Amino acid sequence: MGQRVRRLDQLLGSLGYCSRKEAQGLCDEGRVTLDGQPLDDASRRVTPGLVRLDDVPLDFPDGLLVMVHKPVGLVCSHDSSEGPRVYDLLPPRWLHREPKVTTVGRLDKDTSGLLLVTDQGALVQRFTSPRHHVDKTYLATLDAEPAAALIAAFAAGIDLKEGDAVERTLPATLKLLGDRRAEVTVREGRYHQVRRMFAAHGLHVVSLARTRFGDFELGDLSPGAWRALPLTPQ
Ligand code: URA
């Protein structure tokens, strides 16, 4: 429950419900309650977890962390000129929240699967910093059956071109599943990393889906759906 006491107008504004000015209008219309009692003054200091708007508790007043099942074809950018966005799957007011809601790292437009979305900058930092290696597991379908020798090659690390330099990836775990399918777990988040690792061995990734990110598993979450996660201690 949101225990940090704040002015109601600031609270509704920072959670994207309305502008701070409009908050008084919502109070005047009798749409806001505090612990079940109508609230008529938007400058009142309130405990966020006790506030309801239209009899519904406020979304994640203490910070937001959700898992989204990103479908193929959506971009992780905020810029809608790059195509339909994963943010378009979420309640529009979340885009007006402060702090800003962002994805934790990115998936390519052509990659589906588990994507974390949060307003917790420290959490983004922790999960994407090169110093903290978070395991990420992907299911890849390839254009040909991979040779068993690829398991050892991935375990040794794959040399990838990064600008003018060549940098070896950290050891990755590869499981061959048959039918041109493979499960790969990497510990970094380099640009197009999984596709480039297979390409280095002459294999094209036909489809790619992330099934795990650190301790989080996609499970049976449907494509396009999201679900809330507990905010882990930082
Ligand atoms: N590796 C890729 O090639 N693409 C992704 O989206 C994620 C990992």
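Values reported hereafter were calculated over all heavy atoms of this structure, with side chains retained and with hydrogens, waters and symmetry mates removed. Start at 1 and go down the list; that is how both ligands and their atoms are numbered. No experiment lies behind these values; they were computed from the predicted model shown.
For Ser43, the side chain to side chain donor-acceptor pair (under 3.5 Å) partners at least two apart in sequence or on another chain are Asp41. Taking the side chain to side chain donor-acceptor pair (under 3.5 Å) definition, one finds that Asp179 meets it with nothing, sequence neighbours left out. Partners of Lys175 according to the salt bridge (charged side-chain N to carboxylate O under 4.0 Å, His left out) rule, which considers only residues two or more places apart in sequence or in another chain, are Glu183.
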With salt bridge (Lys or Arg N to Asp or Glu O under 4.0 Å) as the test, would you mind laying out the steps for Asp110 and Arg195 before giving the verdict?
CA-CA 11 Å; Asp110 292 337; Arg195 294 174 198 276; 5.2 Å; no
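Remark: the backbone N or O of Gly16 is not paired with any side-chain donor or acceptor of Glu98 at under 3.5 angstrom. A distance-only check finds a donor-acceptor pair linking the side chain of His78 to the backbone of Val101 [under 3.5 Å].
Protein residues with any heavy atom under 4.0 Å from ligand 1: Leu107, Asp108, Thr111, Tyr138, His192, Gln193, Val194, Arg195, Leu208.
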